[in-house]
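Both ligands and their constituent atoms are indexed starting at 1 by order of listing. Residue numbers run from 1 in the order of the sequence given. FYI, side chains are in, hydrogens and waters are out, and symmetry mates aren't considered; it's all heavy atoms of this structure. Because the structure is a prediction, the values reported are computed rather than measured.
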Amino acid sequence: DFVTNASHELRTPISVLLGCVQTLQGPARGDPEAQVEFIDMMEGQATRMARLVDDLLSLSRIELYEHVAPSDNVDLPQIVKEVVSALDQKAQGRGIRIEVNFAEDLPNVPGDKDDIYRALQNLLENALKYGAENSTVTTTIEIAAEDQLGQLPRDLRYVAMSVRDQGDGIAPEHLPRLTERFYRVDDDRSRELGGTGLGLAIVKHMVNRHRGVLLVDSVMGEGSSFTIVLPARIEPSVMRIPGSAADTGR
Ligand code: ADP
């Protein structure tokens, strides 16, 4: 299924590119105005193919090392600041304000900086694509609440990093399928906005690698919220040693 879908996704821009080349060789030869138009179209299709190949490569790379949990600490607020600044222009283009809230005294989180950067970038790009014009997108990092933990083991602390938009929202029947490769709620809209349908699949694999969970909440007409819950590092000073005072409560 995956190979069929990926081939189909690549075939469309290839057909358009070939059509443009044939037009430039034939009817548009000697027509400078038409040439500009077709070359612009070719640039758009080539960019789309490049994005698709980049996402396919990211997906296959993350699948390769998904079983290797990262061990270095990551500075989540710093990553958020970097991603927000990289997407600032895109946000301004739609009149969207990105608000950032960080809780104080966040515990250390073991993670892979590139993975977390990429996951957050995908979520923020979606919020900017699917959020309403002139609205606000909010990125928050805080200690995860009990009701965000799902099946995660309760003997660890968790940090929740969320991206909330004020868009049209997503109907409940789509929510369980959003992280499937190439699953889109609205095919035409996703393509029009330059989407590959792979962004959330990549996020899910990255979150799995970090032994966390991805939560999606959405209210139609109000907006959507995507939250990455990641386990915090157990610091030696709070580690429980069987039989110790900390363990027995003495
Ligand atoms: P795409 O490249 O199409 O955006 P994603 O994997 O990132 O692919 O997302 C899958 C689908 O989920 C999108 O096509 C869109 O229909 C829906 N979606 C993702 N994020 C949002 C959001 N913030 N608001 C509304 N719909 C969203």
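- Between the side chains of Arg233 and Asn73, a donor-acceptor pair is found at a separation under 3.5 Å.
- When only interatomic distances are considered, the shortest N/O to N/O separation between Asn126 and ligand 1 falls below 3.5 Å.
- No more than 12 heavy atoms of other residues, nucleotides or ligands sit less than 6.0 Å from atom CD of Glu33.
- Every atom of ligand 1 is numbered from 1 in the order shown, and the set under 4.0 Å from a heavy atom of Gly197 is 1 (P), 2 (O), 3 (O), 6 (O), 8 (O).
- Backbone and side-chain nitrogen or oxygen atoms of Gly195 are examined, and none is located within less than 3.5 angstrom of a nitrogen or oxygen of ligand 1.
- Look at Asp168 and Arg189 and you find a salt bridge, because one of the NZ, NE, NH1 or NH2 atoms lies within 4.0 Å of a carboxylate O, short of that distance.
- Residue contacts with ligand 1 for Leu198 involve N, CA, C or O but no side-chain atom from C-beta outward (heavy atoms, distance under 4.0 Å).
- For atom 16 (O) of ligand 1, the nearest protein heavy atom (residue, atom name, distance) is Val185 N, 3.0 Å.
- Annotation: atom 3 (O) of ligand 1 to nearest protein heavy atom, Ser190 OG, 2.6 Å.
- Checked by distance only, ligand 1 and Ala127 stay at 3.5 Å or farther apart across all their nitrogen or oxygen atoms.
- For the residue pair Asp88 / Gln92, a side-chain donor-acceptor distance below 3.5 Å is found, with atom types taken as modelled.
- Each of the following atoms of ligand 1 lies closer than 4.0 Å to a heavy atom of Lys129: 1 (P), 2 (O), 4 (O).
- Of the protein's heavy atoms, Tyr130 CB, 3.3 Å lies nearest to atom 24 (N) of ligand 1.
- Ligand 1 is never approached by Asn122 to a heavy-atom distance shorter than 4.0 Å.
- Counting the atoms of ligand 1 from 1 in the order shown, those under 4.0 Å from a heavy atom of Arg184 are 3 (O), 14 (O).
- Summarising the local packing, CG of Asn134 is surrounded by more than 12 heavy atoms from other residues, nucleotides or ligands at distances under 6.0 Å.
- For atom 11 (C) of ligand 1, the closest heavy atom belonging to the protein is Tyr183 O, 3.7 Å.
- Taking every heavy atom of Ser224 and a limit of under 4.0 angstrom, the matching atoms of ligand 1 come to 24 (N).
- With respect to Asp115, the side-chain contact (heavy atoms from CB on, under 4.5 Å) criterion is satisfied by exactly one of His205, Met206, Arg61: Met206.
- Contact of the Gln148 side chain with the Tyr158 side chain is not registered, since no non-hydrogen atoms from C-beta on lie closer than 4.5 Å.
- Judged as a salt bridge (Lys or Arg N to Asp or Glu O under 4.0 Å), and not counting sequence neighbours, Glu66 has no contacts.
- For the side-chain hydrogen bond (donor to acceptor under 3.5 Å, both in side chains) criterion with Asp112, the lone passing option out of Arg209, His210, Arg118 is Arg209.
- Short contacts between ligand 1 and Leu178, defined as distances under 4.0 Å to a heavy atom of the residue, involve ligand atoms 12 (O).
- Contacts of Asp217 classified as salt bridge (Lys or Arg N to Asp or Glu O under 4.0 Å), with partners at least two apart in sequence or in another chain: none.
- Within ligand 1, counting atoms from 1 as listed, the ones closer than 4.0 Å to a heavy atom of Asp165 are 22 (C), 23 (N), 24 (N).
- Some N or O of Leu200 is nearer than 3.5 Å to an N or O of ligand 1, by distance alone.
- For the pair Ala201 and ligand 1, the shortest N or O to N or O distance does not fall below 3.5 Å.
- Just one residue in the list Val80, Leu106, Thr227 forms a side-chain contact (heavy atoms from CB on, under 4.5 Å) with Met161, and that residue is Val80.
- Remark: ligand 1 atoms within the under-4.0 Å shell around heavy atoms of Gly199 are 5 (P), 6 (O), 7 (O).
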